[in-house]
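Worksheet for the structure shown next.
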2 protein chains.
Amino acid sequence: MLVVEDEPAIAELVALYLRRDGFGVHLESSGDAALAAIRSLSPVAVVLDVGLPVLNGIEVCRAMRAAGDWTPVLFVTARDDEVDRLLGLELGADDYITKPFSPRELALRVRTVLRRSSGGVSDVLQVGSVRLDVGERRAFAGSDEVSLTSTEFGLLAYLMKSPRQVFSREQLLSAVWGYSSVAGTRTVDVHVAQLRAKFGASSPIRTVRGVGYSADAS
Amino acid sequence: MLVVEDEPAIAELVALYLRRDGFGVHLESSGDAALAAIRSLSPVAVVLDVGLPVLNGIEVCRAMRAAGDWTPVLFVTARDDEVDRLLGLELGADDYITKPFSPRELALRVRTVLRRSSGGVSDVLQVGSVRLDVGERRAFAGSDEVSLTSTEFGLLAYLMKSPRQVFSREQLLSAVWGYSSVAGTRTVDVHVAQLRAKFGASSPIRTVRGVGYSADAS
DNA sequence: CCCACCGATTCGCGAAATGTTCATGGCACA
DNA sequence: TGTGCCATGAACATTTCGCGAATCGGTGGG
């Protein structure tokens with residue numbers, strides 16, 4: 001997954017959410033660097049800001065297509081009038097999203113674009129007997145479905161994306177709740193408790209005293 | 001394969017994608033030239049822009065049908081209300097797609113149209129006990145027919161094309177209402193409520209709080 | 001054995017998302 | 001031109017969820 005965006009703050013935020021959804025993310029800030037990266041990295045999809053300086057997103061996409069590269073592209077546009085330009089010309093895109101967007105929305109669209117272009121592979125996470133279908137937003141304990149809220153799902157998904165890796169409460173807050181969150185670190189505990197209650201004995205969340213939590217089979 | 005489109009940029013792009021899919025593509029930019037080309041080339045299918053100057057797409061199709069030519073036609077329309085006109089006129093259209101469209105989507109539909117016209121298979125979507133005949137635009141709950149408006153049908157069909165996949169309200173608006181739609185996201189809710197009311201207990205629409213909706217059996 | 005610290009759990013409030021109803025206005029069709 | 005259907009958004013009802021505070025439990029060090 002390649003993200004091309006010249007505003008570092010936005011780029012970081014987007015990367016954060018995509019990584020949380022299990023994508024390997026590489027960042028670029030200019031059009032020509034993007035083209036080089038696309039050639040060398042062969043990403044599964046490209047998130048492309050239209051308003052790049054010098055070589056803009058549309059031109060990058062056109063160059064890719066002209067070179068025979070059909071990697072899925074998702075455009076990010078700043079304003080509605082840019083949308084109109086998109087509408088007329090660049091049908092080479094697979095989807096677009098308008099700023100300001102919620103990172104969650106972006107991640108959803110990326111998955112949709114990938115599913116459309118690659119024939120319906122939905123990404124499934126599994127740790128122990130717990131299974132998470134990210135595309136369908138469903139959770140299972142063995143064969144029983146467990147109903148999770150949005151936050152619970154995001155938290156569990158983030159942990160399960162990196163099994164056995166330990167995350168601090170602060171890490172989890174910024175990753176799952178976002179940078180602008182005002183929630184206290186105790187809130188993480190509450191949701192962990194909630195998850196454990198819902199999964200019972202098969203709960204995959206391990207406490208690492210003095211450090212944080214991790215998703216683990218045992 | 002004949003593509004009739006008066007905007008050169010779009011025509012070129014569409015041709016690019018169709019050729020990539022192995023079709024031989026011929027381009028025309030006006031209605032009367034299209035009719036001549038159809039007679040002389042006998043294409044396997046025609047991609048026809050509704051908004052052509054002078055002789056528009058609908059008239060071209062009507063002329064073809066009147067002349068006994070039942071070559072599959074895929075309409076490209078700029079707006080949803082044109083869709084209604086298409087359906088109301090009950091032309092021999094085999095499918096339609098709204099601008100702006102993803103070229104991938106177009107290629108997909110062309111293949112579907114060709115398959116249908118050669119094998120006579122009408123595509124039917126089914127989730128749980130709800131069945132949607134896309135070709136005839138009819139909906140059924142079990143064996144009972146349910147009467148849907150065109151917006152309701154479009155929404156339900158889009159959801160059922162990707163069962164269990166979750167779509168945000170924004171995604172649904174883009175896909176069903178069109179990119180240039182100005183409708184608010186709550187409008188989606190209203191139509192979901194309509195569909196649920198019409199299908200009652202067998203409603204296939206699942207709410208995913210904080211994310212959106214999906215079509216689902218359970 | 002006691003104390004301090006950390007984590008687990010419960011509870012209630014406030015906020016946000018969703019469901020539903022209704023009035024308006026536009027558009028197609030007669 | 002009149003009629004009726006339907007999309008739309010506002011308004012209201014309802015449910016759900018996030019969050020912090022308080023309490024309880026457990027663990028390890030002194």
Side-chain angles (χ1 to χ4, degrees), chain A residues 102 104-105 108 137 139 146-156 158-159 166-170 172-178 180-201 203-214, chain B residues 58 77 79-91 98 137 139 146-156 158-159 166-170 172-173 175-178 180-201 203 205-214:
Chain A
S102 111
R104 231 172 239 189
E105 173 78 13
L108 244 179
R137 268 201 120 68
V146 177
S147 169
L148 298 182
T149 71
S150 225
T151 305
E152 286 162 7
F153 193 95
L155 175 59
L156 185 54
Y158 186 77
L159 287 170
V166 182
F167 298 97
S168 70
R169 291 172 173 73
E170 286 78 11
L172 294 172
L173 269 179
S174 58
V176 180
W177 276 257
S180 53
S181 166
V182 287
T185 56
R186 297 277 113 207
T187 295
V188 178
D189 297 41
V190 174
H191 286 89
V192 168
Q194 199 65 34
L195 284 167
R196 282 175 171 154
K198 289 188 176 180
F199 281 97
S203 164
I205 302 182
R206 174 172 61 114
T207 302
V208 180
R209 226 187 145 71
V211 185
Y213 298 100
S214 77
Chain B
I58 293 174
T77 74
R79 290 193 210 153
D80 274 342
D81 40 298
E82 285 185 333
V83 170
D84 293 334
R85 237 170 40 218
L86 276 180
L87 297 176
L89 290 173
E90 287 175 10
L91 286 165
T98 356
R137 292 230 132 197
V146 177
S147 167
L148 300 181
T149 71
S150 72
T151 302
E152 288 162 5
F153 192 94
L155 175 58
L156 185 54
Y158 188 78
L159 286 171
V166 182
F167 298 97
S168 69
R169 291 171 174 73
E170 286 79 7
L172 294 171
L173 272 178
V176 179
W177 276 257
S180 48
S181 164
V182 286
T185 57
R186 296 305 308 272
T187 293
V188 177
D189 297 39
V190 174
H191 286 89
V192 167
Q194 278 298 326
L195 285 167
R196 283 176 172 155
K198 289 188 176 181
F199 283 96
S203 163
I205 302 182
R206 169 173 67 116
T207 300
V208 181
R209 199 165 249 274
V211 184
Y213 297 100
S214 77

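This one's a predicted model, so the numbers in the text were calculated from it and none came from an experiment. Here is the naming used below: chain letters follow the sequence lines, and residue numbers restart at 1 for every chain.
Nearest-nucleotide mapping onto DNA chain C: of B:V190 and B:G210, the residue sitting toward the 5' end is B:G210. Residues B:A193 and A:A197 both approach DNA chain C. Their nearest nucleotides, taken by heavy-atom distance, put A:A197 toward the 5′ side. Nearest-nucleotide positions on DNA chain D place B:H191 closer to the 5' end than the other of B:H191 and A:S150. Each of A:T149 and B:G184 lies near DNA chain D, and the nucleotide nearest B:G184 is the one positioned closer to the 5' end.
Here the straight-line distance linking atom CZ of B:F199 with atom CG of B:L148 works out to 5.0 Å at 0.5 Å rounding. In this structure, the separation between CG on A:L195 and CD1 on A:I205 is 4.5 Å, given to the nearest 0.5 Å.
Regarding B:Q194, its CD atom lies at a distance of 18 Å from the P atom of C:dT18, rounded to whole Å. Atom CD1 of A:I205 is separated from atom P of C:dG7 by 14 Å (rounded to the nearest Å). Taking atom CZ of residue A:F153 and atom P of nucleotide D:dG18, one finds them 13 Å apart after rounding to whole Å. In this structure, CG of A:L172 is placed 13 Å from P of D:dC19, rounded to the nearest angstrom. Between the C1' atom of D:dT15 and the CZ atom of B:R196 lies a distance of 13 Å, rounded to the nearest Å. Note: CG (B:D189) to P (C:dA17) measures 11 Å, nearest angstrom. Atom C1' of nucleotide D:dG18 and atom CG of A:L173 are separated by 12 Å, given to the nearest angstrom. Note: NZ (A:K198) to P (C:dT9) measures 14 Å, nearest angstrom.
A donor-acceptor contact under 3.5 Å is not formed by the side chain of A:R169 with the base of C:dG7.
Heavy atoms of A:R209 sit under 4.0 angstrom from at least one base atom. Counting any heavy atom pair closer than 4.0 Å across all strands shown, B:V192 reaches no nucleic acid atom.
Within the structure, every side-chain polar atom (N or O) of A:Y213 is placed at least 4.0 Å from both OP1 and OP2 of C:dC6. The phosphate of C:dT18 (OP1 or OP2) has no side-chain N or O of B:R186 nearer than 4.0 angstrom. Side-chain N/O atoms of A:T207 include none lying less than 4.0 angstrom from OP1 or OP2 on C:dG7. Under 4.0 angstrom from either OP1 or OP2 of D:dA7 there lies no side-chain N or O belonging to B:W177.
Using cut-offs of 30° and 60° on the angle between ring planes, the pair A:H191 and A:W177 is perpendicular.
At a threshold of 4.5 Å between non-hydrogen side-chain atoms, the residues B:R169 and B:V192 do not count as touching. Side chains of B:Y213 and B:T207 form a contact here, defined as non-hydrogen atoms less than 4.5 Å apart.
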